[in-house]
Amino acid sequence: MTALSVLVPLTVAMGAAGLLAFLWSMRSKQYEDLDGAAERILLDDDDDIG
């Protein structure tokens, strides 16, 4: 029973931290350019080959 008194608040705190991280990423516009990453893989960059 003592383990639950530690694990339940820890789980709630970790869930809140995950939610805050998600909300921060939404506010900083991390998900604005979803097509750019999909198209960027098709570009041929010969500059990186040494």
Side-chain angles (χ1 to χ4, degrees):
M1 198 65 170
T2 59
L4 286 177
S5 65
V6 173
L7 291 177
V8 170
L10 181 65
T11 303
V12 171
M14 289 177 67
L19 180 63
L20 289 175
F22 174 71
L23 291 175
W24 170 81
S25 69
M26 292 295 290
R27 290 191 87 186
S28 64
K29 300 179 181 177
Q30 294 288 321
Y31 302 110
E32 289 293 317
D33 186 22
L34 296 178
D35 293 330
E39 294 172 359
R40 207 171 304 129
I41 197 168
L42 299 174
L43 298 176
D44 188 22
D45 291 338
D46 289 334
D47 296 337
D48 295 339
I49 299 173

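Remark: Leu4 CG to Leu10 CG distance equals 12.0 Å, nearest 0.5 Å.
The local environment of CG in Leu42 is crowded, with over 12 non-hydrogen atoms from other residues, nucleotides or ligands closer than 6.0 Å.
Note: the hydrophobic cluster containing Leu20 does not contain Met26 (ILVMFWY, side chain heavy atoms under 4.5 Å, direct or indirect links). Under the 4.5 Å side-chain contact rule for hydrophobic residues, Leu19 and Trp24 do not share a cluster.
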